[in-house]
Amino acid sequence: MDDNSSPLADYMNAVGLLNRREIEARVLAPLLEALSAEFDRERVWEITRKVIQEIAHQQGAQLATSVDANDLEHFAATQETWKKDSAIQTEVLELTRKKFSFNVFRCRYAEMYQHLGVPELGKMLSCDRDFAFIEGFNPNIQLLRTQIIMEGADICDFRFEVRPSKKPRG
């Protein structure tokens, strides 16, 4: 019997994030529509947002444990996952130990959600999770983003910066 002690393949990433988000949107859109017809729409969406952000936070923490260090340079190296299948086209402006800045100038996620007729769901499933994800990866890295293609901007402006560790109260 062959003893294969290597970790199991990550089949979720083999699919590609763009395809995963489309599958999620095709399931969630009719589900949210049905739930919103029965219950308060704002409350249904609020709960959904919260759950998605909790998942993103957990995924960020999982990523942190899978890389050598949860610093900005290691985080930047993982960005290829988001680019798979030409999902986003980016221009890196700065990458140092303290700052990682880039612009997204084409976002196939936004195009896909627009094509499906659910741009508001796209913002929730993709854009809004970025802040929780980085918080889970490293709470000392802050994301500042002032515009997104999903809401009609020409670019998404991602600005990550390492902040000093928060001192415990005492």
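Positions are given from 1, in the same order as the sequence printed here. Note that the structure is predicted; figures quoted are calculated from it, not measured.
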Worksheet item: Is there side-chain contact between Phe133 and Leu143, with heavy atoms separated by less than 4.5 Å?
Response: no

Discussion item. Is any side-chain heavy atom of Glu161 closer than 4.5 Å to one of Lys98?
Written reply: no

Practice prompt. Please step through salt bridge (Lys or Arg N to Asp or Glu O under 4.0 Å) for the pair Lys50 and Glu46, ending with a clear verdict.
Written response: CA-CA 6 Å; Lys50 182 179 179 192; Glu46 177 185 324; over 6 Å; no

For residues [X] and [Y], report the shortest heavy-atom separation together with the two atoms involved.
{"X": "Ile88", "Y": "Lys83", "result": "CG1-CG, 3.8 Å"}
{"X": "Pro164", "Y": "Asn140", "result": "O-OD1, 3.9 Å"}
{"X": "Val44", "Y": "Thr48", "result": "O-OG1, 2.8 Å"}
{"X": "Pro30", "Y": "Ala25", "result": "CD-O, 4.2 Å"}

Which value, rounded to the nearest 0.5 Å, describes the distance between [X] atom [atom1] and [Y] atom [atom2]?
{"X": "Arg163", "Y": "Ile141", "atom1": "CZ", "atom2": "CD1", "value": "11.5 Å"}
{"X": "Thr96", "Y": "Glu94", "atom1": "OG1", "atom2": "CD", "value": "5.0 Å"}
{"X": "Arg129", "Y": "Met124", "atom1": "CZ", "atom2": "CE", "value": "11.5 Å"}
{"X": "Ile155", "Y": "Ile148", "atom1": "CD1", "atom2": "CD1", "value": "12.0 Å"}
{"X": "Leu95", "Y": "Leu72", "atom1": "CG", "atom2": "CG", "value": "6.5 Å"}
{"X": "Leu116", "Y": "Glu22", "atom1": "CG", "atom2": "CD", "value": "5.5 Å"}

Keeping [X] on the side-chain end and [Y] on the backbone end, is there a donor-acceptor pair under 3.5 Å?
{"X": "Ser36", "Y": "Glu33", "answer": "no"}
{"X": "Gln79", "Y": "Phe75", "answer": "yes"}
{"X": "Arg159", "Y": "Phe102", "answer": "yes"}
{"X": "Asn138", "Y": "Asp71", "answer": "no"}
{"X": "Asn103", "Y": "Glu91", "answer": "no"}
{"X": "Arg49", "Y": "Asp128", "answer": "no"}

Worksheet item: Where do Glu151 and Cys127 land on the side chain to side chain contact (heavy atoms under 4.5 Å, CB included) test, with the steps shown first?
Response: CA-CA 10 Å; Glu151 291 183 325; Cys127 304; over 6 Å; no

Item to complete: Show the numbers, then the answer: is there a salt bridge (Lys or Arg N to Asp or Glu O under 4.0 Å) between Glu24 and Arg21?
Response: CA-CA 5 Å; Glu24 292 168 356; Arg21 292 293 178 257; 3.0 Å; yes

Test of understanding: clusters of I, L, V, M, F, W, Y form through side-chain heavy atoms closer than 4.5 Å, transitively. Do [X] and [Y] belong to the same one?
{"X": "Leu32", "Y": "Phe39", "result": "yes"}
{"X": "Ile134", "Y": "Leu93", "result": "no"}
{"X": "Ile23", "Y": "Leu28", "result": "no"}
{"X": "Ile55", "Y": "Leu31", "result": "no"}
{"X": "Leu17", "Y": "Leu121", "result": "yes"}

Worksheet item: Relative to the ring of Phe160, is the ring of Phe158 parallel (under 30°), tilted (30 to 60°) or perpendicular (over 60°)?
Response: parallel

Worksheet item: More than 12 foreign heavy atoms under 6.0 Å from CG of Asp40: is that the case here?
Response: yes

Anything under 3.5 Å between a donor and an acceptor, one on a side chain of residues 104-115, the other on a protein residue two or more places apart or in another chain? List them.
from: Arg106; atom 1: NE; to: Glu111; atom 2: OE2; distance (Å): 2.9
from: Arg106; atom 1: NH2; to: Glu111; atom 2: OE1; distance (Å): 2.9
from: Arg108; atom 1: NH1; to: Asp85; atom 2: O; distance (Å): 2.4
from: Tyr109; atom 1: OH; to: Trp82; atom 2: O; distance (Å): 3.1
from: Tyr113; atom 1: OH; to: Ser126; atom 2: OG; distance (Å): 2.9

Fill in: SB check Glu120 Lys123 (cutoff 4.0 Å)
no

